[in-house]
A.B. asks: 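Supplied in structure tokens, the structure appears directly below.
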There are 2 protein chains.
Amino acid sequence: MPVGFNTDDLMRLDELVATRKKVKQGGLLFSEGDAFTSLYAIRTGFFKTCVTSEDGREQVTGFQMAGEIIGLDGIVSDFHSCNAIALEDAEVCVMPFVNVEELSREFPVLQRHVHKIMSREIVRENGIMMLLGNMRAEERLAAFLLNLVQRLHARGFSQSELILRMTREEIGSYLGLKLETVSRTFSKFSEEGIIEVKQRYVHIIDPEALKKIFNPQVCY
Amino acid sequence: MPVGFNTDDLMRLDELVATRKKVKQGGLLFSEGDAFTSLYAIRTGFFKTCVTSEDGREQVTGFQMAGEIIGLDGIVSDFHSCNAIALEDAEVCVMPFVNVEELSREFPVLQRHVHKIMSREIVRENGIMMLLGNMRAEERLAAFLLNLVQRLHARGFSQSELILRMTREEIGSYLGLKLETVSRTFSKFSEEGIIEVKQRYVHIIDPEALKKIFNPQVCY
DNA sequence: AAATTTCTTTGACATACATCAAATATTCTT
DNA sequence: AAGAATATTTGATGTATGTCAAAGAAATTT
């Protein structure tokens, strides 16, 4: 990014991202109803975001890892409408939204960046709607695993091995399935030799098979 | 909005919204893969947006009416990732996104407005995820009807009567249900005296009952 | 290290919704 | 206006996933 910025610009951009906050595993970064002030860039750790209905049902709306931004839900009403919970000890950069907006007005590159982040989230959720509305359990879990390793790989981790940071229940909530169904589907993939699972450890043996499940070919 | 703007400002804002485009019923405003250039503000008419999987399954991701903005999905990749189809003859304002960004930099009120629109869409989709992941058919349809009349009422229409612009199949796609289930659920509500349905015409007789279905009370 | 709690797996059974099918109603086409 | 195409309703039946239950594994607490 530091192209076309002078020293003063860089200092101000640096400042945006200067305040840090640590969140312990299981801790809340923000919750439903909290006043919205800032966006958060995850430096380390892993989060889930979830919404709850009046009668207590929980829907996980996303899992976020280092480099990703959370808090966008708060902009519209100045209050957060979901909970952000750390699934492991985490550290975030606190970016006061007024500063984000001020700097966005000055730096078109940053402005565009912010817009892309929000658009990306909209598109991601479109994909989840397709998953929840049209796909079967195996397709959902295959899509989930492929998405996770892809994001981890982009961060320099293995593209075939991963440690899940979330429980079967949280995966199920995200995918619109019960934890038993998630567990059974893991076992099925394992029996078929597609993956190796041992609790939170997953080894993707046959990524092509997963892709085929996620995106079944129309065969004539 | 016209507070703190001089004549020149107003002219430029007016220009943003000067280009119009008509879309016939059934016509595409944009489709998956189209280059992204503009956001569209609906002036008249009614749209659906939908995504399709490789094997041809369609997921309706939203229904949009006058005053709402479509096209946000295109920002992230400079290509649209969904289709926008007019469900009745429609007219939109074409707002080139470079102009939106330029004016946003100059007018913080507009900037904030754009951010809120994007955040609102994210929050809406969170709600749909809850619907698709956790709710039963009756809850989904109740939520759908309440949301529709609420938005129509905000536009000066009745809060108890509406004409559906979409088919049972499109409602089903949006709600993750088959068209038969949508039809049966309409019939059930009708038998229970909650609504009166005659094809596309719906009269909400007992909105409280709908709210109760959507948001069941925990009774002790 | 033992005890407790939380998480995961697996089996047996239940159910909400899907699928298939056919009859009507409505809208569009000629 | 007649005929064709599309949309809706309703019934009979099937199935993917949910629910309930219990045992085993892992993590946490004392």
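Sequence lines set the chain letters: A, B, ... in the order given, protein chains first and strands last, and positions in each chain run from 1.
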A.B. asks: Let me see the working for B/Phe63 and B/Phe47 under ring pair (Phe, Tyr, Trp, His ring centres under 6.0 Å), right down to the final yes or no.
C.D. replies: CA-CA 6 Å; B/Phe63 295 109; B/Phe47 283 84; over 10 Å; no

A.B. asks: Contact class for B/Gly172 (heavy atom, under 4.0 Å): base, sugar-phosphate, or nothing?
C.D. replies: nothing

A.B. asks: Quickly work out the A/Tyr201 OH to D/dA27 P distance and round it to whole Å.
C.D. replies: 15 Å

A.B. asks: Measure the distance from CD1 on A/Ile163 to C1' on D/dA27 and round it to the nearest whole Å.
C.D. replies: 15 Å

A.B. asks: Starting the side chain at C-beta, find the nucleotide from C/dC7, D/dA21, D/dA7 nearest to A/Thr167.
C.D. replies: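 Of all the options, the side chain of A/Thr167 is nearest to C/dC7.
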
A.B. asks: Please give, in whole Å, the distance from C/dT6 C1' to A/Glu169 CD?
C.D. replies: 11 Å

A.B. asks: Taking atom types as they are modelled, would you say the side chain of A/Arg184 forms a donor-acceptor pair with the base of D/dG18 within the 3.5 Å cutoff?
C.D. replies: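 Check fails, no donor-acceptor contact within cut-off.
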
A.B. asks: Does A/Glu170 contact C/dC7 through a side-chain donor or acceptor facing the base, at a distance under 3.5 Å?
C.D. replies: no

A.B. asks: Determine: side-chain N/O of B/Lys198 to OP1/OP2 of D/dT8, distance under 4.0 Å, yes or no.
C.D. replies: no

A.B. asks: Would you say a side-chain N or O of B/Thr181 is under 4.0 Å from OP1 or OP2 of C/dA18?
C.D. replies: yes

A.B. asks: Could you state the atom-to-atom distance from CD1 of B/Ile171 to P of D/dA7 in whole Å?
C.D. replies: 13 Å

A.B. asks: Can you see whether A/Tyr201 engages A/Glu161 through a side-chain donor-acceptor pair at a distance of less than 3.5 angstrom?
C.D. replies: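 Note: A/Tyr201 and A/Glu161 side chains meet the donor-acceptor criterion.
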
A.B. asks: What's the CD-C1' distance between A/Gln25 and D/dA27, to the nearest Å?
C.D. replies: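 It works out to 10 Å between those atoms.
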
A.B. asks: Would you classify B/Arg140 as touching base, sugar-phosphate or nothing, given that sugar-phosphate means primed atoms plus P, OP1 and OP2, and contacts are heavy atoms under 4.0 Å?
C.D. replies: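 Counting heavy atoms under 4.0 Å across all strands, no contact is made by B/Arg140.
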
A.B. asks: Is there a donor and acceptor pair, one atom on the side chain of B/Arg136 and one on the base of D/dT17, closer than 3.5 Å?
C.D. replies: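 For B/Arg136, whose side chain was compared with the base of D/dT17, there is no donor-acceptor pair (under 3.5 Å).
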
A.B. asks: Salt bridge check, A/Arg151 against A/Glu68: does any charged N sit closer than 4.0 Å to a carboxylate O?
C.D. replies: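 Looking at A/Arg151 together with A/Glu68, the answer is yes, because their closest N to O distance falls below 4.0 Å.
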
A.B. asks: Closest-nucleotide mapping onto DNA chain D: is B/Ser187 or A/Glu180 further toward the 5' terminus? I mean the 5' end.
C.D. replies: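 Closest to the 5' end, via its nearest nucleotide, is B/Ser187.
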
A.B. asks: Can you tell which of C/dT10, C/dC17, D/dT9 lies closest to the side chain of B/Leu177?
C.D. replies: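 Out of C/dT10, C/dC17, D/dT9, the nucleotide with an atom closest to B/Leu177's side chain is C/dC17.
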
A.B. asks: Can the ring centres of A/Tyr40 and A/Phe30 be said to be less than 6.0 Å apart?
C.D. replies: yes

A.B. asks: Could you say whether B/Glu138 or A/Val197 is positioned toward the 5' end of DNA chain C, judged by the nucleotide with the nearest heavy atom to each?
C.D. replies: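 Nearest-nucleotide comparison on DNA chain C picks A/Val197.
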
A.B. asks: Could you state the atom-to-atom distance from CD of B/Glu191 to P of D/dT9 in whole Å?
C.D. replies: 12 Å

A.B. asks: Taking CD from A/Glu88 and C1' from D/dA27, how many angstroms apart are they, rounded to a whole number?
C.D. replies: 16 Å

A.B. asks: Would you say that A/Ile85 contacts A/Leu28 through its side chain, given a criterion of any heavy-atom pair below 4.5 Å between the two side chains?
C.D. replies: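 Yes; the side chains approach each other to less than 4.5 Å.
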
A.B. asks: Whole angstrom is fine here: how far is it from CZ in B/Arg168 over to P in D/dA7?
C.D. replies: 12 Å

